[in-house]
Amino acid sequence: MKIFVTVKRVPDTGVPLRVKSDRTGIDREGLPYVINPYDEYATEAALRIKEKIGDGEVIAVSCGTEDSIETIRHALAMGADRGVLLKVNDEITDSVQTADILSDYLKSENPDFILMGKKAVDYDRGLVPAYLSEKLGFPLETCVTNMEIKDSGFVLERETEYGVEIIEARSPLIISFEKAKFEPRFPSLRGVMMAKKKPVDVNEISNLPANSTNILSYEPPPERKKGKIIDLPFPDNVKELVKLLKEESKII
Amino acid sequence: MAEIHELRNFYGIEDYYTQEEKMLRNTVREFVKDKILPYIGEWWLKGEFPKHLIPEMAKLGLFGITLPEKYGGLGLGPVSYGLIMEELEYGDSGIRSFCSVHNSLAMYSIYTFGSEEQKNKYLPEMVKGKLIGCYGLTEPNAGSDPFSMETKAIKKGSKWILNGTKMWITNGSLADIAIVWAKDEEKNFHGFILEKGIKGFSSNEIKTKISMRASDTSELIMEDVEIDDSYRLPDTVGFKSCLMPLNEARYGITWGCVGSAWACFEEALNHSKERIQFKKPIASFQLTQKKLVDMFEDIIKAELLCLHLGRLKEKGKSKHYHVSLVKRNNTRVALEIARTAREILGAYGITTEYQSMRHSANLESVHTYEGTYEIHTLIVGKKLTDIDAVE
Ligand SMILES: Cc1cc2nc3c(=O)[nH]c(=O)nc-3n(C[C@H](O)[C@H](O)[C@H](O)COP(=O)(O)OP(=O)(O)OC[C@H]3O[C@@H](n4cnc5c(N)ncnc54)[C@H](O)[C@@H]3O)c2cc1C
């Protein structure tokens, strides 16, 4: 069984981002990066499948620049068997391009499962799983929150407005993960050491597929307005608050 | 405004760590963020070491960090070891002490002075966290001057009879095995491995501490403990052997101090930017800015000292007086930083909701144990003057 997990290198979500002064992107100087958090759930799921079946290979694939090897190593440290970097020279911001590169590689690899995060937290589009499903002709289950492995296949859970959907699934299949009910494991220090010895193939993508969108510029989000403190004794403060809510913010 | 990650790399030090060292550090950082920081204030107040974390710590790989793979260790280098200690002490000095003692005092002693049987018997189990170690050198009447220890080991055929008391022993009550030092009738020093539960060997946890509260500090009592010579560490070379493991643990402490200092500094910096007094953030007052800059400058210097010491150690070039120089400096600045951070936090700083006062209380111990500030001064002083102040 071949289980692929897609992993993406994204800026650490705990760090506020700044738009560059020329508005062409974000200021990446010294920015800490992490594995896309949703991809960690996918990696955990892949490892659980392998552990349950007692056989198979978990392959972490990233489409990105050279630095993405770090992210692949994170998945290897968690326990993936090997990595593949689909190497591009500049960061790709177009989901169709990413899906093209991934599908070109994956279609000759005969995957049983492709596990992904529901979206990457940097550009927040969440399109790649759907495009990939279309290009490979694989069914796709999106935003999965839990997964159980049964003899007959997999039982997946999705949380919907109507309740929890229980789905039975078989390979070949693409699953994209929401923040799941299970916790991704911590890579151990030994895992980090072992990851260094696991193979990572680097496939240079020399001919970039055509892009479908172009980002023109980035606008920094507007700064949050300062709050107002009503520094009056009770009950004047309440009266003033009601007055402001009525007249200034027109909420009531 | 500069973000913490930028401040941490203010002096470009990140480029001087390898990718692997940074990955190992980040792994422990995540562990501390998830498993320690949310609960440490509570454990500290209760005076509890989080024993339930021992299996997870073992799984993470915190035991046997530098130990060769042959005995189940990770075989990591000194800088990786140091960065791991830094992250642990970012959480709490007591958590770091637990790992320091288990790794650098207990396992190191067995690895360095033990027989092959002793190594095979204890080390793999210690890596798995199935056996926890402690190190008994200090006594009620022998602190800075361990040479004057009173614990006796009398040879009786192929056995030894041990009598004496060890004091302030980290992990003393929770440990499964203790490395204990004693003098024989000819005043030669010997190290022994004492297993918990053997007749005449007991411990008492010291519960009245107002420092290192999330750590087990105990008294070990030996009353006619009779053990076979096979429990003696055969490869010791006299008094010097008691001090060798200390040098390893002290090295880790120098890094640990950088961790607690960052924790206090970050907390104080954030608070100073948010706390408004006299209609301005307190960070806007020149007095506060000077405090922040002094703290920051000291952390950067402390980290550089550690990194250089670690690289010296990699090449086998670090000497005990190098370690003393850095232990002396880093415990002093970490303690000052923790106190200053508490000052900036005002009243908020005296609670365990914040970290600085917990760190500051802990660092009082760090300043004293593994050679007090004064003793390290004398070690460096001797190097400078060729005069031994205590001989
Ligand atoms: C939390 C904690 C954990 C510990 N864990 C362990 C452990 O696991 N194993 C272990 O063996 N020990 C442990 N210790 C003991 C520690 O190593 C000793 O406390 C330390 O060596 C100092 O000894 P003392 O406390 O007896 O102080 P003393 O030696 O009595 O010193 C008291 C003061 O006198 C000063 N002084 C002493 N001699 C001189 C001198 N010649 N010149 C100038 N000043 C001098 C000291 O610097 C100090 O300020 C621990 C201590 C603490 C607080």
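A note on names: the letters A, B, ... follow the listed sequences, proteins ahead of strands, and every chain is numbered from 1. Both backbone and side-chain heavy atoms feed into the values below; hydrogens, waters and symmetry mates do not.
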For I215(A), does the CD1 atom sit with more than 12 other heavy atoms under 6.0 Å from it, leaving out its own atoms? yes

What's the separation between atom OG1 in T27(B) and atom CE in M193(A), rounded to the nearest 0.5 Å? 11.5 Å

Is the CD atom of E219(A) crowded by more than 12 outside heavy atoms at less than 6.0 Å? yes

Other residues, nucleotides, ligands: >12 heavy atoms within 6.0 Å of F182(A) CZ: yes

Under a 4.5 Å cutoff for heavy-atom pairs, which residue among I84(B), L60(B), L76(B) has the most contacts with chain A? L60(B)

More than 12 heavy atoms of other residues, nucleotides or ligands under 6.0 Å from OH of Y348(B): is that the case? no

R185(A) versus chain B, heavy atoms under 4.5 Å apart: side chain, backbone, both or neither? neither

Got a salt bridge between E6(B) and R18(A), using NZ or NE/NH1/NH2 to carboxylate O under 4.0 Å? yes

Inspect the surroundings of NZ in K181(A) and state if more than 12 heavy atoms from other residues, nucleotides or ligands are less than 6.0 Å away. yes

Verify the neighbour count for atom CE of M1(A): are there more than 12 heavy atoms of other residues, nucleotides or ligands below 6.0 Å? yes

G72(B) and R190(A) have their tightest heavy-atom pair at O-NH2, 2.7 Å

Interchain contact, Q19(B) with chain A, by part (heavy-atom threshold 4.5 Å): side chain

Minimum heavy-atom distance between F186(A) and K35(B), given as atom pair plus value: CE1-CE, 3.5 Å

Distance in Å, K196(A) NZ paired with E20(B) CD, rounded so as to fall on 0.5 Å steps: 3.5 Å

Could you tell me the separation between the CG atom of L189(A) and the CE atom of M57(B), rounded to the nearest 0.5 Å? 11.5 Å

Got a second to check how far K22(B)'s NZ is from E70(A)'s CD, nearest 0.5 Å? 7.5 Å

Does a sphere of radius 6.0 Å around CG in D231(A) hold more than 12 heavy atoms from other residues, nucleotides or ligands, not counting ones at 6.0 Å or beyond? no

